[in-house]
Amino acid sequence: MEPLRITPRLHLLDYSIGQAYLWSDDGELTLVDAGWAGSADRTTAAIRAAGLDPDRLARIVLTHGHRDHVGGAGDLADRHGAEIVAHRLDAPYVRGELPVPDPDLLEWERPLWEHGLTCPEAPPTRVDREVEDGEGLGFGDGAVAVHVPGHTPGSMAVHLPRHGVLFAGDVVATVRGVTFGVFHVDRALALESMRRLAELRPSVLCCGHGPAVNEDTAEQLAAAAGAVAP
Ligand SMILES: [Zn+2]
Ligand SMILES: [Zn+2]
């Protein structure tokens with residue numbers, strides 16, 4: 001897996017189903033999401049390929065409890081001594097204390113959902129720190145947790161206001177341009193969350209699925225949020 005450079009401090013790691021992002025603060029590293037179970041070797045190699053030291057991985061921030069985002073977190077945290085951070089409402093899913101609630105699937109989403117299930121189930125994974133909306137995350141010159149419920153109850157975006165970077169998790173997707181994400185537990189709530197993210201007017205948008213967007217980003221996100229039928 002080749003890390004894809006988005007900005008000098010930001011790389012995208014692509015696991016074919018789902019993505020993670022690597023952020024560097026002078027070599028101190030944060031992963032936003034962690035790839036599948038069994039992918040830790042690939043992630044460690046990708047961090048090295050980006051010219052960074054995986055043993056400086058300080059934290060893994062999980063946008064939500066789905067397997068394609070959580071699976072690799074435990075291995076990576078154990079290996080490199082990182083702390084795992086998640087929103088309070090998704091922490092029980094990450095720990096395996098509760099099953100992740102089923103999405104309210106639209107007919108056309110069903111085959112995609114079944115394809116997603118080919119990615120291995122995440123093992124129960126510790127959460128070292130549970131956060132709430134508005135809490136600082138300790139990296140990226142002021143990264144803040146933004147609670148964006150609807151995809152899952154504790155879905156969390158990560159906003160870096162000083163850098164104009166927004167990690168939106170799966171509330172938004174960029175697979176076919178900027179669109180509303182898929183597989184939401186509560187579509188109406190997810191749409192409200194997407195509109196809240198649009199108000200942040202990011203210049204770089206990083207989603208769980210699809211390429212990073214860094215041109216006309218705020219306009220594209222606002223247009224996509226406005227285009228969804230409630
Ligand atoms: Zn996903
Ligand atoms: Zn998801």
Side-chain angles (χ1 to χ4, degrees), residues 1 4 12-22 31-40 42-43 60-74 76 84-96 98-106 108-125 127 145-158 166-194 196-197 205-213 221 224-225 228:
M1 172 172 59
L4 181 69
L12 183 156
L13 310 181
D14 185 352
Y15 300 84
S16 81
I17 297 176
Q19 296 168 169
Y21 294 89
L22 180 66
L31 266 177
V32 178
D33 291 329
W36 319 357
S39 67
R42 290 163 65 198
T43 305
I60 300 169
V61 180
L62 300 173
T63 60
H64 63 293
H66 279 154
R67 57 174 76 184
D68 50 327
H69 299 255
V70 169
L76 288 166
I84 301 177
V85 182
H87 188 275
R88 176 178 56 86
L89 294 177
D90 266 29
Y93 313 135
V94 175
R95 293 191 181 110
L98 289 174
V100 184
D102 285 332
D104 176 17
L105 290 176
L106 300 175
W108 65 266
E109 292 179 331
R110 276 177 203 285
L112 286 174
W113 174 251
E114 269 145 39
H115 176 62
L117 296 180
T118 60
C119 149
E121 209 173 319
T125 300
V127 175
V146 185
H147 183 208
V148 283
H151 182 69
T152 61
S155 279
M156 172 170 96
V158 176
L166 180 65
F167 300 98
D170 283 357
V171 178
V172 185
T174 56
V175 178
R176 286 171 210 83
V178 179
T179 61
F180 194 33
V182 294
F183 314 150
H184 303 306
V185 169
D186 182 332
R187 296 172 54 79
L189 196 54
L191 177 55
E192 259 177 58
S193 291
M194 185 183 184
R196 183 171 172 211
L197 292 180
L205 175 66
C206 298
C207 298
H209 304 266
V213 175
L221 180 56
V228 183

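All values derive from a computational prediction rather than experimental measurement. One-based numbering, in listed order, for ligands and for the atoms of each.
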A.B. asks: Do Phe183 and Leu105 make a side-chain contact, defined as non-hydrogen atoms from C-beta onward lying under 4.5 Å apart?
C.D. replies: yes
A.B. asks: Could you pull out the atom name of the N/O/S atom in His209 that is nearest the Zn ion (ligand 1)?
C.D. replies: NE2
A.B. asks: Checking only N/O/S atoms, does His151 have one that is under 2.8 Å from the Zn ion (ligand 2)?
C.D. replies: yes
A.B. asks: Which N/O/S atom belongs to Asp170 and is the closest one to the Zn ion (ligand 1)?
C.D. replies: OD2
A.B. asks: Less than 4.5 Å apart, side chain to side chain, heavy atoms only: is that true for Val213 and Leu221?
C.D. replies: no
A.B. asks: Can you find a heavy atom in the side chain of Asp90 that is under 4.5 Å from one in the side chain of Pro153?
C.D. replies: yes
A.B. asks: Within the structure provided, determine whether Thr63 and His151 are in side-chain contact (heavy-atom separation under 4.5 Å).
C.D. replies: no
A.B. asks: If you round to 10 degrees, what value do you get for the angle at the Zn ion (ligand 2) between His64 atom NE2 and His66 atom ND1?
C.D. replies: 100°
A.B. asks: Report yes or no: does Asp68 have an N/O/S atom closer than 2.8 Å to the Zn ion (ligand 2)?
C.D. replies: no
A.B. asks: Does the side chain of Val182 come within less than 4.5 Å of His209's, by heavy atoms?
C.D. replies: no
